[in-house]
Amino acid sequence: MPDPKPTEEFVVTPYEVKGRIDYARLRELFGTQEVTPQLLAKVHHTVGGDLHPLLSRGIYYSHRDLGPLLDGFVNGRPFFLYSGRGPSGPLHTSHLVAFDLCRWFQKRLGVPMYIQITDDEKFWARSGLTPEETEKWGMENLYDILALGFDPKRTHVFFDTRSISALYPLAVRVAQKVTYSTVKAVFGFKPSTNIGLVFYTALQSVPCFYPSWAEGRSVPCLIPCGIDQDPHFRVTRDLAEGLGYPKPALLHSQMIPGLLGDAAMSTTGNSADNALFLNDPPKVVERKVRNGFTGGRATVEEQRRLGATPEVCSIWALWRTRFAETDQKFAEITEGCRSGKLLCGECKSQLIERVHAFYRHQAEAREKVKSWAEETIITAPPKSG
Ligand code: TRP
């Protein structure tokens, strides 16, 4: 499968996102399927008549085999959810996009969730971090993820350096099927890439197969993730059947634009002002939002007359992905912006209030999960595996 060629104006891989991303083109390049209204109707039906805003607002826009997975569920074949986080620092709001959707599916369908915390990957991929730091961020990130409302009884964590004895038997089998030329082409590795990263994709595949291995029967997997992670799972899907496991299904989200107007809310090689970190104090949140890139006009008079452009605005992206909880609020913000009735300063003030409220709630929920977070970490292989 070819990755975006150098002639494209953008690059999307697990290790690099840059340029203005043409999402329709990216879907073609990756060879994934489009999330259509019919598919959304199927999700709506499967969960008993509801649709998460991340789905109805088009942030999850691409998938692989979601239809058959949902049909299977309706016919008595439950699946499990899997997503992950590379702990390179504190979480920012766009990291919650995958976990929000997972938590929603878990609540609606009562399915198990597997979370992978890849402290090893981030040590290998980021020259500036020590293993102690990636492990520390791993625990901090895990608290925030669990605090979104995951069910303690149905949520399991692979914390790579701590779960390696559980992961390794399957990683060995996966790694035997992945060639160097595949990872070189898929991830764009260079001669100077360390061999940790060359092996790493085997570890990211393991959770897809783990429940099937542990239970000795085929258990389908659904992975909500950013589209940048798709290359890993193309490799996984290509080798799944050879190992006797089902191919994981995927639901891909667009990248959430950064506050400085970049394609993604990443702070890799970028200013910390590009993202809203969950541990930013209220004053910092306020400053970042106030400086955030918008689709506003040069003058108030012009904006009142011509309206602004929500689609290019980093503040609108925050409303869209998290802070406009109801469709009504989202429509009010969007239409107010487009018509010129709602000016950027007022829109930002409203958003800042919502961010503060969410952070206060998150801080409390985070303290509560600390009593059980440790127990979710898998530290030994399954007895039957
Ligand atoms: N590689 C991901 C990252 O850098 C972490 C990850 C591990 C992940 N397993 C995953 C992401 C499954 C999405 C789905 O953040």
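All values reported here derive from a predicted model rather than from experimental measurement. Each residue takes its place number in the sequence, starting with 1.
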Identify the two heavy atoms, one from Thr193 and one from Leu197, that lie closest to each other, and give their separation to 0.1 Å.
CG2-CB, 4.0 Å
In sequence, state the C-alpha distance, the side-chain angles, and the governing distance for Glu28 and Glu34, and then conclude on side-chain contact (heavy atoms from CB on, under 4.5 Å).
CA-CA 9 Å; Glu28 275 169 26; Glu34 188 182 354; over 6 Å; no
Is the backbone N or O of Gly110 less than 3.5 Å from a side-chain atom of Asp151, with the two atoms forming a donor-acceptor pair by type?
no
If you define the side chain from C-beta out and look only at heavy atoms, does anything of Tyr82 sit under 4.5 Å from Cys225?
no
Thr32 and Ser62: side chain donor to acceptor below 3.5 Å:
yes
Flag side-chain contact, heavy atom, 4.5 Å: Phe187 against Val198:
no
Cationic tip of Arg322 above Phe358 ring, under 6.0 Å, 45° of axis
yes
Stepwise, does the salt bridge (Lys or Arg N to Asp or Glu O under 4.0 Å) test hold for Glu140 with Arg366?
CA-CA 9 Å; Glu140 295 295 319; Arg366 204 177 180 283; 2.7 Å; yes
One pair to check against side-chain hydrogen bond (donor to acceptor under 3.5 Å, both in side chains): Glu364 and Tyr359. What are the steps and the verdict?
CA-CA 9 Å; Glu364 264 176 43; Tyr359 279 24; over 6 Å; no
Side chains of Thr161 and Asp119: any donor to acceptor distance under 3.5 Å?
yes
Between Leu26 and Met255, is there a shared hydrophobic cluster once you connect ILVMFWY residues whose side-chain heavy atoms come closer than 4.5 Å?
yes
Is it true that Ser349 and Arg290 share a donor-acceptor pair across their side chains at a distance under 3.5 Å?
yes
If we only count heavy atoms from C-beta on, is the Leu91 to Ile145 side-chain gap below 4.5 Å?
yes
Stepwise side-chain contact (heavy atoms from CB on, under 4.5 Å) check, Thr13 with Asp228
CA-CA 5 Å; Thr13 78; Asp228 62 316; over 6 Å; no
Return yes if some donor-acceptor pair links the side-chain N/O of Arg237 with the main-chain N/O of Lys247 below 3.5 Å, else return no.
no
When you measure from the centre of the six-membered ring of Phe10, is the NZ or CZ of Lys18 closer than 6.0 Å and no more than 45° off the axis?
no
Any chance the side chains of Tyr245 and Glu241 put a donor and an acceptor closer than 3.5 Å?
no
Closest approach of Ile378 to Ala166 (non-hydrogen atoms, all atoms of both residues)
CG2-CB, 3.7 Å
Are any side-chain N or O atoms of Thr309 and backbone N or O atoms of Glu311, one a donor and one an acceptor, separated by less than 3.5 Å?
no
Can any side-chain N or O of Thr376 pair as donor or acceptor with the backbone N or O of Ala373 at less than 3.5 Å?
yes
Considering all heavy atoms of both residues, which atom of Cys313 and which atom of Gly295 are nearest to each other, and what is their separation?
CB-N, 3.5 Å
As a quick check of understanding, evaluate side-chain hydrogen bond (donor to acceptor under 3.5 Å, both in side chains) for Thr334 and Arg320, giving each step before the final call.
CA-CA 9 Å; Thr334 307; Arg320 180 179 181 227; over 6 Å; no
Close side-chain approach of Leu239 to Val178, heavy-atom, < 4.5 Å:
yes
Give the minimum heavy-atom separation between Ser205 and Thr236, together with the two atoms involved.
OG-OG1, 2.7 Å
Leu222 vs Phe80, test: side-chain contact (heavy atoms from CB on, under 4.5 Å). Steps then yes/no.
CA-CA 6 Å; Leu222 172 62; Phe80 68 94; over 6 Å; no
Might you point out which heavy atoms bring Leu203 and Ala171 nearest each other, and give the distance in Å?
CD2-CB, 3.8 Å
Side chain to side chain, Val43 and Thr46, heavy atoms closer than 4.5 Å:
no
Nearest 0.5 Å, what's the CG-CZ distance between Asn75 and Arg77?
10.5 Å
Check whether any side-chain N or O of Lys42 sits under 3.5 Å from a backbone N or O of Pro68 as a donor-acceptor pair, and report yes or no.
no
With a 6.0 Å cut-off on the ring centroids, do His156 and Tyr210 count as close?
no
Start with the C-alpha gap between His252 and Asp230, add the side-chain angles, then the distance that decides, and say whether side-chain hydrogen bond (donor to acceptor under 3.5 Å, both in side chains) holds.
CA-CA 8 Å; His252 306 107; Asp230 185 69; 2.8 Å; yes
Full working for side-chain contact (heavy atoms from CB on, under 4.5 Å) between Arg162 and Glu135:
CA-CA 9 Å; Arg162 300 179 52 192; Glu135 189 181 342; 3.7 Å; yes
Could you tell me if the ring centre of His52 sits under 6.0 Å from that of Tyr60?
no
Enter the distance from Arg27:CZ to Tyr61:OH here, rounded to the nearest 0.5 Å.
7.0 Å
Quickly, which of Asn291, Asp273, Leu318 forms a side chain to side chain contact (heavy atoms under 4.5 Å, CB included) with Leu259? Name it, please.
Leu318
When every non-hydrogen atom of Ser83 is compared with those of Pro224, the smallest separation belongs to OG-O, 2.8 Å
Is a side-chain donor or acceptor of Ser339 paired with a backbone partner of Gly336 at a separation under 3.5 angstrom?
yes
Between NE2 of His95 and CG of Asp144, what distance do you get to the nearest 0.5 Å?
11.5 Å
Could you state the interatomic distance from OG1 (Thr130) to NZ (Lys136), rounded to the nearest 0.5 Å?
9.5 Å
Are Ile164 and Tyr114 connected into the same hydrophobic cluster when the rule is that any two of I, L, V, M, F, W, Y join if their side-chain heavy atoms are below 4.5 Å apart?
yes
Single hit among Phe323, Trp319, Trp316 for ring-ring contact (aromatic ring centres under 6.0 Å, His included) with Phe330:
Trp316
Is there a donor-acceptor pair closer than 3.5 Å between any side-chain N or O of Asn141 and the backbone N or O of Gly89?
yes
Separation between OH of Tyr23 and CZ of Phe30, rounded to the nearest 0.5 Å
10.5 Å
Within-4.5 Å side-chain heavy-atom neighbours: Phe277 and Thr93:
no
Passes salt bridge (Lys or Arg N to Asp or Glu O under 4.0 Å), Glu335 versus Arg338? Steps please.
CA-CA 5 Å; Glu335 281 150 30; Arg338 228 190 286 288; over 6 Å; no
Is there side-chain contact between Leu243 and Lys177, with at least one heavy-atom pair below 4.5 Å?
yes
For the CG atom of Leu109 and the CH2 atom of Trp104, what is their distance to the nearest 0.5 Å?
7.5 Å
Parallel, tilted or perpendicular: which fits the ring planes of Tyr168 and Phe199, with parallel below 30° and perpendicular above 60°?
tilted
Check the side chains of Gln350 and Glu346 for a donor-acceptor pair under 3.5 angstrom, ignoring hydrogens and angles.
yes
Just by distance, do the side chain of Glu353 and the backbone of Lys348 share a donor-acceptor pair under 3.5 Å?
no
Do you reckon Leu342 sits in the same ILVMFWY cluster as Phe293, going by side-chain contacts under 4.5 Å, direct or chained?
no
Side-chain heavy atoms of Leu250 within contact of Leu66, under 4.5 Å:
no
Whether Arg103 side chain and Leu148 backbone form a donor-acceptor pair below 3.5 Å
yes
